[in-house]
Each structure stands twice: as structure tokens, then as C-alpha cells.
Amino acid sequence: NLPALKALRIGFLTNVLNPKASLFFLSLFTQLIDPETPRLLQVIYALCMMATTFAWFSFVTVTLSHRPVQQRFEPVQYTIERVFGILLILLGVLLATANVR
């Protein structure tokens, strides 16, 4: 087990340096905010998204790090990973072949 502060640092750097996460938030941010949106409101939106993301990943980490939870997931982990992998590939194909209007 890692010390809590080291685990927090690793998780933070993993998410900050993940280009998929950056692109996701950039796309979300550009959908929610107009160029005319006041700067203060943009900062508030960004802080809310950061806080929500931090809370979600903290919840997932704390929940999934418990041994009883891990033991329940182990038998079905392979199947879950494959099913979600297929779903993400299908979503990607649908997005790639969708007509843009």
C-alpha cells in the first residue's frame, strides 16, 4: 500500500498528464461556455468541474480499494473489461460514421 499523499500525487499526475482527460474537459468546457461568458463564471465552472472530478475519483478509489469489494469484482473483471471495451469501440465507430450537420 502506498502512503495516502503519494497515492494522491500519482493519481493527480496521471489524470493531469492524460491527454484523453484534457480533451474530454476541453470539449465539455467549449460546449458549456460561450466566448461572451464572463471570465469569473468560466473560472467557477472550471473549479466546479475540477472539484467534481476529484470527488468522483476519490469515491471510486476509496470504494474499490477495499479488499471485499475487490474480491467480488475479481471473478467478473475480465468480462466487464471486455464488454466495456466492445461498447467503447462501437461508440467510436458510431461517432466516426455519424453524419455531421
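Looking at residues two or more places apart in sequence or on another chain, you find a side chain to side chain contact (heavy atoms under 4.5 Å, CB included) between L91 and L95. Among residues two or more places apart in sequence or in another chain, the ring pair (Phe, Tyr, Trp, His ring centres under 6.0 Å) test is passed with F84 by none. For A7, the side chain to side chain contact (heavy atoms under 4.5 Å, CB included) partners at least two apart in sequence or on another chain are L2. In this view, F24 and L28 satisfy the side chain to side chain contact (heavy atoms under 4.5 Å, CB included) rule, not counting sequence neighbours. Among residues two or more places apart in sequence or in another chain, the side chain to side chain contact (heavy atoms under 4.5 Å, CB included) test is passed with I86 by L90.
Annotation for V62: hydrophobic cluster partners, listed by chain and number, are none (ILVMFWY side-chain heavy atoms under 4.5 Å, direct or chained). Other residues sharing a hydrophobic cluster with Y78 under the 4.5 Å side-chain heavy-atom criterion for ILVMFWY residues do not exist; the residue is a singleton. In this structure, L94 stands alone, with no Ile, Leu, Val, Met, Phe, Trp or Tyr side-chain heavy atom under 4.5 Å from its own, directly or through other members. Applying the under-4.5 Å side-chain rule to Ile, Leu, Val, Met, Phe, Trp and Tyr, the cluster around V43 extends to L47, M50.
Sequence neighbours left out, the pairs with a member in residues 52-71 that pass ring-ring contact (aromatic ring centres under 6.0 Å, His included) are W56-F59. Residue pairs satisfying the salt bridge (Lys or Arg N to Asp or Glu O under 4.0 Å) criterion with at least one member in residues 65-88, sequence neighbours excluded, are listed as follows: R67-E74. For residues 25-52, no pair satisfies salt bridge (Lys or Arg N to Asp or Glu O under 4.0 Å), with sequence neighbours left out.
Follow the hydrophobic side-chain contacts under 4.5 Å out from L87 and you reach F73 in the same cluster. Following chains of ILVMFWY side-chain contacts shorter than 4.5 Å, one can reach V60 starting from V76, so the two form part of one hydrophobic cluster.
I33 contributes atom CD1, which lies 9.0 Å from atom OG1 of T30 (distance to the nearest 0.5 angstrom). Here the straight-line distance linking atom CG of L17 with atom OG of S22 works out to 8.0 Å at 0.5 Å rounding.
Under a cut-off of 6.0 angstrom, the local environment of CZ in F25 is crowded, with over 12 non-hydrogen atoms contributed by other residues, nucleotides or ligands. In this structure, L26 places its CG atom where more than 12 heavy-atom neighbours from other residues, nucleotides or ligands lie under 6.0 Å away.
At least one donor-acceptor pair under 3.5 Å links the side chain of Q42 to the backbone N or O of T37.
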